[in-house]
Colleague: 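Right, I'll just put the structure down here and ask away after.
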Amino acid sequence: MDLLSLGVTQLADKVRSGDVKAADVAEACLARIALVDPKVHAFLTLSKESLTRAAKAIDDKRARGEQLGKLAGVPIALKDALCTRGVASTSGSKIIEGYVPPYDATVVA
């Protein structure tokens, strides 16, 4: 099954039901990015470790029988113009290259 061909709600449903692990979805996303991004250059920063940790936490939560959120296990990408705590956020500008905000923008939170 090509996980990345599923719609957002289908993917989230499969993660919540346990048919698919969030870690597998994360791995599929990272593989697709590795394949495509060298051509399209869509990502300035890729937080692989954060994605992997979050996916594992979702899988662990599900294994404990805890309720998952409606979009649990569905990775997202954020525009570099949005401040994300601890992640370089430069709006693609060389002037603020290396800026790492100490807070999340409201829309990120």
Side-chain angles (χ1 to χ4, degrees):
M1 166 186 359
D2 179 13
L3 295 175
L4 303 183
S5 68
L6 297 174
V8 171
T9 54
Q10 291 174 305
L11 187 57
D13 288 346
K14 287 192 176 295
V15 170
R16 275 196 314 276
S17 71
D19 291 341
V20 171
K21 290 187 175 193
D24 293 337
V25 177
E27 185 178 311
C29 282
L30 291 172
R32 177 76 54 89
I33 291 167
L35 179 68
V36 175
D37 201 51
K39 298 172 192 151
V40 299
H41 306 288
F43 291 88
L44 296 177
T45 302
L46 186 57
S47 302
K48 293 178 187 180
E49 295 81 17
S50 177
L51 175 61
T52 304
R53 267 194 317 274
K56 183 181 180 331
I58 289 166
D59 289 337
D60 290 348
K61 189 173 180 179
R62 190 192 172 289
R64 290 190 301 268
E66 296 177 33
Q67 187 172 358
L68 300 178
K70 290 187 180 209
L71 294 178
V74 178
I76 61 168
L78 297 172
K79 189 167 177 69
D80 187 53
L82 300 172
C83 287
T84 307
R85 181 191 343 249
V87 178
S89 302
T90 65
S91 296
S93 171
K94 296 286 185 193
I95 293 172
I96 56 174
E97 189 171 21
Y99 174 66
V100 178
Y103 62 93
D104 284 331
T106 302
V107 70
V108 173

Colleague: Nearest 0.5 Å, please: how far is CD1 in I58 from CG in L71?
Modeller: 10.0 Å
Colleague: Could you walk me through whether C29 and L4 satisfy the side chain to side chain contact (heavy atoms under 4.5 Å, CB included) test, starting with their C-alpha distance in whole Å, then the side-chain angles of each, then the deciding distance to 0.1 Å, before giving a yes or no?
Modeller: CA-CA 7 Å; C29 282; L4 303 183; 3.6 Å; yes
Colleague: Quick one: list whatever passes salt bridge (charged side-chain N to carboxylate O under 4.0 Å, His left out) with K79, sequence neighbours left out.
Modeller: none
Colleague: Give the minimum heavy-atom separation between R62 and L68, together with the two atoms involved.
Modeller: CB-CD1, 3.9 Å
Colleague: Which atom names give the shortest non-hydrogen contact between C83 and S89, and what distance separates them?
Modeller: CA-OG, 3.8 Å
Colleague: Are I33 and L3 connected in the hydrophobic side-chain network, where two residues link if heavy atoms are under 4.5 Å apart?
Modeller: no
Colleague: Hey, quick one: are L35 and L30 part of the same hydrophobic cluster, counting side-chain heavy atoms closer than 4.5 Å, chains of contacts allowed?
Modeller: no
Colleague: So, are R64 and D60 salt-bridged, with charged N and O less than 4.0 Å apart?
Modeller: no
Colleague: List the steps and the verdict of side chain to side chain contact (heavy atoms under 4.5 Å, CB included) for D2 and R32.
Modeller: CA-CA 11 Å; D2 179 13; R32 177 76 54 89; 3.6 Å; yes
Colleague: Step through the shown structure and confirm whether more than 12 heavy atoms of other residues, nucleotides or ligands are within 6.0 Å of CD on E66.
Modeller: yes
Colleague: For a quick test of reading the model, state the closest non-hydrogen atom pair linking P38 to A34 and the distance between them.
Modeller: CD-O, 3.2 Å
Colleague: Can D13 and R16 be counted as an ion pair, charged N to O under 4.0 angstrom?
Modeller: yes
Colleague: Do any N or O atoms from the side chain of S93 and from the backbone of I95 form a donor-acceptor pair under 3.5 angstrom?
Modeller: yes
Colleague: So, does D59 use its side chain to make a donor-acceptor pair with the main chain of K21 at under 3.5 Å?
Modeller: no
Colleague: In this structure, would V25 and I76 fall into the same cluster of hydrophobic residues linked by side-chain contacts under 4.5 Å?
Modeller: no
Colleague: Applying the 4.5 Å side-chain criterion to the ILVMFWY set and letting contacts propagate, would V108 and L51 be lumped into a single cluster?
Modeller: no
Colleague: Check the pair V15, V74 against side chain to side chain contact (heavy atoms under 4.5 Å, CB included), reporting the backbone distance first and the verdict last.
Modeller: CA-CA 8 Å; V15 170; V74 178; over 6 Å; no
Colleague: Determine, using the 4.5 Å side-chain heavy-atom cutoff (strictly less than), whether V107 and L78 are members of one ILVMFWY cluster.
Modeller: yes
Colleague: Verify, without hydrogens or angle tests, whether D80 (side chain) and L44 (backbone) share a donor-acceptor contact under 3.5 angstrom.
Modeller: no
Colleague: Can you tell me if Y99 has over 12 outside heavy atoms packed within less than 6.0 Å of its OH?
Modeller: yes
